[in-house]
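Beneath this line is the structure, given in structure tokens, with notes to follow.
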Amino acid sequence: AILNIDGEGGFQELVKLYSGDMSPRAMLDELIRTKAVTLQSGNRIKLRNRGFIAPESGVEALQILGDDTTDLINTVAHNLDTVNGQRRFQRKVTYRHIPEKYVKPFQEYSALHSQALLEKLDKWLAKHDTETLENNTAGSRLGLGIYHIEERNKPTSHAKETNGDK
């Protein structure tokens, strides 16, 4: 997607409508820094990534690690404490003996399909999100986290399945 910086429906207008108190310049600088957009000729912005990709290191990466860990622990704790059947979605798929030659293809396949699912969920949530809550209700923070699992097996003479993973 390519967006004009100014004008009706342009980047500056969108930032003023949806960012709270952040200036359009600060928002643009941050989007360029995180490689979410590139500045094009003619005062236009091109979207490079549909979502925020976490930095590999630094304070932001640690904040995301803490948030994600908290979210998972809260879901597990909720599910352990729930007796009335109102458990939260918590699933994973793992196999223990996948040949090394399939690691990279799985990374690519799962990233592609996970991104597509997250974009669908993002569109659904965006339709139902309100900046100002009606009737003074508290609302809820909702989302779904997906993460890649990868662990190298140690060579053994007899590989055994120990926890029900396939």
Side-chain angles (χ1 to χ4, degrees), residues 1-79 82 84-94 102-150:
I2 298 178
L3 186 64
N4 290 326
I5 288 182
D6 50 13
E8 186 176 336
F11 177 78
Q12 290 180 351
E13 184 178 294
L14 292 172
V15 171
K16 287 177 185 173
L17 283 171
Y18 297 106
S19 76
D21 62 352
M22 191 172 213
S23 75
R25 183 73 231 179
M27 177 65 80
L28 179 59
D29 289 346
E30 182 64 11
L31 291 171
I32 290 170
R33 185 188 71 75
T34 60
K35 298 182 175 133
V37 301
T38 55
L39 198 52
Q40 305 286 298
S41 62
N43 242 6
R44 296 166 57 122
I45 301 167
K46 181 176 182 180
L47 183 64
R48 292 182 61 198
N49 296 309
R50 290 190 51 86
F52 174 72
I53 307 298
E56 292 182 16
S57 61
V59 174
E60 283 180 275
L62 289 174
Q63 181 64 48
I64 291 167
L65 172 64
D67 291 346
D68 290 351
T69 302
T70 300
D71 289 342
L72 178 58
I73 289 170
N74 286 340
T75 296
V76 171
H78 172 85
N79 289 344
T82 298
N84 63 2
Q86 298 297 315
R87 296 172 57 119
R88 294 180 184 155
F89 187 84
Q90 178 193 338
R91 310 285 189 282
K92 68 179 180 181
V93 59
T94 59
Y102 296 112
V103 171
K104 182 102 172 115
F106 177 74
Q107 289 172 343
E108 293 168 357
Y109 180 82
S110 63
L112 176 69
H113 291 282
S114 297
Q115 183 64 35
L117 173 61
L118 290 173
E119 288 177 18
K120 281 183 178 179
L121 296 173
D122 179 59
K123 286 179 184 175
W124 190 94
L125 287 168
K127 281 194 286 189
H128 298 88
D129 186 38
T130 59
E131 277 195 41
T132 57
L133 297 170
E134 297 144 10
N135 302 325
N136 201 25
T137 59
S140 294
R141 177 176 168 261
L142 293 176
L144 182 74
I146 299 175
Y147 59 95
H148 177 88
I149 300 166
E150 184 175 328

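Taking every heavy atom of both residues into account, Leu31 and Phe11 meet most closely at CD1-CE1, 3.7 Å. Closest heavy-atom contact between Thr38 and Gln40: OG1-NE2, 2.9 Å. Taking each heavy atom of Lys16 and Pro24 in turn, the nearest pair found is CE-CG, 4.3 Å. Of all heavy-atom pairs spanning Arg44 and Asn4, the tightest one is CG-OD1, 3.3 Å. Nearest heavy-atom pair, Leu144 versus Leu118, reported as atom, atom and distance to 0.1 Å: O-CD2, 3.7 Å. Here the closest heavy-atom approach between residue Gly143 and residue Leu125 is recorded as CA-CD1, 4.4 Å.
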(Q) Checking Leu3 against Leu14 for the side chain to side chain contact (heavy atoms under 4.5 Å, CB included) test, could you report, in this order, the C-alpha distance in whole Å, the side-chain angles of both residues, the deciding distance, and whether it holds? (A) CA-CA 10 Å; Leu3 186 64; Leu14 292 172; 3.7 Å; yes

* side chain to side chain contact (heavy atoms under 4.5 Å, CB included) between Val37 and Ile32, intermediate numbers included -> CA-CA 5 Å; Val37 301; Ile32 290 170; 3.9 Å; yes

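With rounding to the nearest 0.5 angstrom, the CG atom of Asp122 is 9.0 Å from the CD atom of Gln115. A distance of 4.5 Å separates CG in Asn79 from CZ in Arg87, rounded to the nearest 0.5 Å. Here CG of Leu117 is found 11.5 Å from CG of Leu112. Values are rounded to the nearest 0.5 Å. Here the NZ atom belonging to Lys46 is positioned 13.0 Å from the CG atom belonging to Leu39, to the nearest 0.5 angstrom. Between the CD atom in Gln12 and the OG atom in Ser23 there is a gap of 9.5 Å [rounded to 0.5 Å].
Here the side chains of Tyr147 and Asp68 are not in contact, with every heavy-atom distance at 4.5 Å or above. For the pair Val15 and Leu28, the minimum side-chain heavy-atom distance is 4.5 Å or more. Considering only heavy atoms from C-beta on, Ile2 stays 4.5 Å or farther from Ile45 through its side chain.
Lys104 meets the salt bridge (Lys or Arg N to Asp or Glu O under 4.0 Å) test with Glu108; sequence neighbours excluded. Take Asp29 and apply the side-chain hydrogen bond (donor to acceptor under 3.5 Å, both in side chains) test, not counting sequence neighbours, and it matches Arg25. Every side-chain hydrogen bond (donor to acceptor under 3.5 Å, both in side chains) that His148 has, sequence neighbours left out, goes to Glu150.
When the shell of 6.0 Å around CZ of Arg88 is examined, it contains more than 12 heavy atoms from other residues, nucleotides or ligands.
Comment: Arg141 engages Asp71 in a salt bridge, judged by a side-chain N to carboxylate O separation of less than 4.0 angstrom.
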